[in-house]
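As structure tokens, the structure follows; a few thoughts come after it.
The model shown is predicted, which means the values in this text are computed figures rather than measured ones. Quick note: residue numbers are just sequence positions, from 1.
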Amino acid sequence: MSEPARDPSVVTRFAPSPTGFLHIGGGRTALFNWAFARHHGGKFLLRIEDTDRARSTPEATAAIFEGLRWLGLDWDGDAVSQAERHGRHAAVAGSMLANGTAYKCWATREEIEAFREKAKAEKRPPLFRSPWRDADAAEIAAKEAADEPYVIRLKAPRDGKVMVEDAVQGSVTWEASQLDDLILLRSDGTPVYMLAVVVDDHDMGVTHVIRGDDHLTNAARQSLIYRAMDWPVPVFAHIPLIHGPDGAKLSKRHGALGVEAYREMGYVPEGMRNYLARLGWSHGDDEFFSTEELIDWFNLESIGKGAARFDFAKLANINGQHIRAMDDDRLAALVLDYCALRELDLEAEHRDMLTEALPGLKERAKTLAELLDIAHYILATRPLDPDEKAAKALGGEAPELLARLTPHLRAASAWKPGPLEDVVRTFAEDEGLKLGKVAQPLRAALTARAVSPGVFDVMVTLGRDETLARIADVTG
């Protein structure tokens with residue numbers, strides 16, 4: 001299949017509600033919108049849907065901004081506040097009244113409940129059919145003269161079908177009889193979500209609405225509002241939701257956490273972007289790819305219809321590959337940021353040592369948390385507290401062996417991995433031992449662990465003075 005032409009007129013948006021953290025599913029939705037816009041050279045916009053004033057908080061909005069920035073998903077222009085556009089939403093509802101695609105409804109809550117109870121008893125669909133849709137002018141005038149509160153409802157079609165062409169789900173059809181005359185404007189003059197979303201998307205010039213398939217039914221109702229205003233209907237693309245490894249809806253036990261939780265666990269933005277992109281989208285059999293490749297490859301045609309399954313093992317594997325492939329300067333910046341996040345106050349000497357050791361440290365780490373754990377010997381203070389296996393390696397004649405090794409290390413011609421290995425190897429041969437019999441207690445003395453990066457790399461990272469001092473702590 002040939003690559004479709006790029007279209008700089010493409011405009012996508014991400015529209016979260018600021019009622020909590022940026023959920024990982026929301027991060028995936030933002031990523032798809034961002035990647036699609038960047039692929040086409042178009043715009044990726046951000047709208048904060050803060051109409052629920054009771055639950056929306058500035059702290060949640062700030063968390064969304066921070067989560068998107070950490071993921072590397074930059075948006076174009078300023079974020080739009082939906083709550084600040086209520087006047088515009090109400091004006092559109094007024095326009096729909098004027099063009100006959102909406103009507104005023106004075107039905108009370110009690111009347112609506114009674115209608116639904118009767119429909120239920122008669123085994124009819126409980127969709128409310130307002131008598132005010134076709135009320136005569138005199139009845140309407142009387143209500144208006146009495147200045148009684150009313151809502152504005154959409155005059156939805158009663159017959160036929162409503163169809164949405166979805167870029168992921170294909171043609172989706174609803175019977176018009178399944179759709180009610182939804183409220184557009186409440187009696188207090190505030191808009192409902194359905195109206196606000198359509199008005200905002202139209203005014204922002206959104207061409208493609210990419211969101212979770214739990215919004216698919218909303219697309220039917222929203223398409224009616226577009227047509228009522230004679231506005232172009234955007235391309236809808238409803239992406240499959242994320243499930244846990246067991247196929248159940250993603251929950252906290254599966255990993256349905258905020259983006260900041262993954263940051264705190266030590267995942268890197270490059271790894272998260274790669275993994276989230278693979279949750280529902282694919283480019284052949286490619287599992288590991290750069291962000292540049294994602295932008296180059298991304299399209300809606302390659303999004304699957306089935307639910308994606310979240311898998312921590314795959315996430316860790318991809319994240320580790322990105323850590324290993326990362327430029328050391330970029331990795332150093334991420335590591336130092338992560339240390340600050342963990343409130344690890346590193347001295348300049350430790351920062352320098354950590355940066356110098358990165359080429360060796362990153363080979364075995366799948367997360368920044370693992371990398372810091374491997375780098376524990378750099379951050380440790382003397383005297384070190386060996387773990388169980390290291391303590392065993394330092395038992396018996398090990399201290400005397402290291403004491404005999406010390407003069408040879410002092411006399412090393414150069415404090416580099418090659419010369420240091422030569423010194424230890426020659427010493428081991430003179431002692432009638434294999435290299436490992438010397439390297440293991442040496443490693444334990446320097447790192448307090450039985451496993452670490454290469455012991456000669458460790459010695460170079462620590463430097464001559466610190467290395468000899470740590471050995472002296474063991475030999476007495």
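- Contact annotation: the side chain of Asp214 approaches that of Leu241 to within less than 4.5 Å [non-hydrogen atoms, C-beta and beyond].
- Here the side chain of Gln169 pairs a donor or acceptor atom with the backbone of His238 at under 3.5 angstrom.
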Handout entry: Stepwise side chain to side chain contact (heavy atoms under 4.5 Å, CB included) check, Ile303 with Phe298
Key = CA-CA 9 Å; Ile303 297 175; Phe298 194 84; 4.3 Å; yes

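- Note that CH2 of Trp34 and CD1 of Ile295 are 3.5 Å apart. Values are rounded to the nearest 0.5 Å.
- Of the candidates Thr51, Thr190, Asp200, His89 forms a side-chain hydrogen bond (donor to acceptor under 3.5 Å, both in side chains) with just one, namely Asp200.
- A distance of 6.0 Å separates CG of Asn317 from NZ of Lys366, quoted to the nearest 0.5 Å.
- A 4.5 Å side-chain heavy-atom check between Leu68 and Ile64 finds at least one atom pair inside the cut-off.
- Here Thr461 contributes atom OG1 and Asp352 contributes atom CG; the two are 11.5 Å apart, rounded to the nearest 0.5 Å.
- When atom types are taken as modelled, the side chain of Arg69 and the backbone of Gly72 share no donor-acceptor pair closer than 3.5 angstrom.
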Exercise for the section: Mind running side chain to side chain contact (heavy atoms under 4.5 Å, CB included) on His322 and Ile318 for me, showing each step along the way? Expected result: CA-CA 6 Å; His322 277 280; Ile318 287 175; 3.7 Å; yes

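- Rounding to the nearest 0.5 angstrom, the gap separating the CG atom in Leu216 from the CZ atom in Arg211 is 8.5 Å.
- Arg309 contributes a side-chain N or O that, together with a main-chain N or O of Pro245, makes up a donor-acceptor pair within less than 3.5 Å.
- A distance-only check finds a donor-acceptor pair linking the side chain of Thr207 to the backbone of Val11 [under 3.5 Å].
- The local environment of NZ in Lys155 is crowded, with over 12 non-hydrogen atoms from other residues, nucleotides or ligands closer than 6.0 Å.
- Scanning both residues, Val235 and Ala167, for their nearest heavy atoms gives CG1-CB, 4.0 Å.
- Partners of Glu270 according to the salt bridge (charged side-chain N to carboxylate O under 4.0 Å, His left out) rule, which considers only residues two or more places apart in sequence or in another chain, are Arg330.
- Under the side chain to side chain contact (heavy atoms under 4.5 Å, CB included) criterion, Asp181 pairs with Tyr103, Arg133, Arg153, Ala156, Arg158, sequence neighbours left out.
- His40 places a side-chain N or O within 3.5 Å of a backbone atom of Asp7 that can act as its donor or acceptor partner.
- Between Asp286 and Glu293 there is no side-chain heavy-atom pair separated by less than 4.5 Å.
- Using a 4.5 Å heavy-atom cutoff, the side chains of Thr29 and Ile210 are not in contact.
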Exercise for the section: Run the numbers on Leu344 and Leu372 for side chain to side chain contact (heavy atoms under 4.5 Å, CB included), then give the verdict. Expected result: CA-CA 11 Å; Leu344 296 175; Leu372 282 185; 3.8 Å; yes

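- The shortest distance between side-chain heavy atoms of Leu276 and Ile24 falls below 4.5 Å.
- The main-chain N or O of Glu264 is found under 3.5 Å from a side-chain atom of Tyr338 such that the two form a donor-acceptor pair.
- Looking at every heavy atom in both residues, Ala325 comes nearest to Phe288 through CB-CZ, 4.1 Å.
- Screening residues 200-230 for ring-ring contact (aromatic ring centres under 6.0 Å, His included), with sequence neighbours left out, gives Phe36-His208, His202-Trp231.
- Of the charged side-chain nitrogens involved, none lies within less than 4.0 Å of a carboxylate oxygen, so that Arg364 and Asp373 do not count as a salt-bridged pair.
- Using a cut-off of 4.0 Å between Lys/Arg side-chain N and Asp/Glu carboxylate O, Lys305 and Asp166 are scored as not salt-bridged.
- Of the possible polar contacts, none joining the Arg449 side chain to the Ile374 backbone as a donor-acceptor pair under 3.5 Å is found.
- For Arg13, the salt bridge (charged side-chain N to carboxylate O under 4.0 Å, His left out) partners are Asp201, not counting sequence neighbours.
- Atoms CZ and CD1, from Phe128 and Ile112 in turn, are 4.5 Å apart once rounded to the nearest 0.5 Å.
- Heavy-atom neighbours of Asp230 CG from other residues, nucleotides or ligands within 6.0 Å: at or below the threshold of 12.
- Separation of the Tyr275 and Phe312 ring centroids does not fall under the 6.0 Å cut-off.
- Put simply, the side chain of Asp50 gets close to the backbone of Gln82: a donor and an acceptor are under 3.5 Å apart.
- The backbone N or O of Lys362 lies less than 3.5 Å from no partner atom in the side chain of Arg324, so there is not a single donor-acceptor pair.
- Smallest separation of non-hydrogen atoms from Ala15 and Glu49: CB-OE2, 3.4 Å.
- Residues meeting the salt bridge (charged side-chain N to carboxylate O under 4.0 Å, His left out) test with Arg382, sequence neighbours left out: Asp473.
- Between Leu154 and Met96, the closest side-chain pair of non-hydrogen atoms falls below 4.5 Å.
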Exercise for the section: Would you please test Trp106 and Ile140 for side chain to side chain contact (heavy atoms under 4.5 Å, CB included) and show each step? Expected result: CA-CA 9 Å; Trp106 283 271; Ile140 294 173; 3.9 Å; yes

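- Around the CG atom of Asp159, the shell of radius 6.0 Å holds no more than 12 heavy atoms that belong to other residues, nucleotides or ligands.
- Here Glu466 pairs with Arg470 in a salt bridge; the nearest charged N to carboxylate O distance falls below 4.0 Å.
- In terms of heavy atoms, Arg443 sits closest to Pro453 at NH1-O, 3.0 Å.
- Residues Phe32 and Leu279 approach most closely at CZ-O, 3.7 Å, considering heavy atoms.
- With contacts defined as side-chain heavy-atom distances shorter than 4.5 Å, the pair Asp188/Pro149 does not qualify.
- Remark: Phe289 CZ is packed, more than 12 non-hydrogen atoms of other residues, nucleotides or ligands lying under 6.0 Å away.
- A salt bridge does not link Asp337 to Arg263: none of the charged side-chain nitrogens sits closer than 4.0 Å to a carboxylate oxygen.
- Side-chain atoms of Thr467 and Leu446, non-hydrogen and from C-beta on, do get closer than 4.5 Å to each other.
- Between Ile152 atom CD1 and Leu184 atom CG the span is 7.0 Å, to the nearest 0.5 Å.
- Residues in residues 56-81 take part in these ring-ring contact (aromatic ring centres under 6.0 Å, His included) pairs, two or more places apart or across chains: Phe65-Trp75.
- Side-chain atoms of Trp174 never come within 3.5 Å of backbone atoms of Leu179 as a donor-acceptor pair (strictly under, hydrogens ignored).
- Heavy-atom minimum distance, Ala60 versus Pro18: CB-O, 3.2 Å.
- Around atom CZ of Arg55, no more than 12 heavy atoms belonging to other residues, nucleotides or ligands sit under 6.0 Å away.
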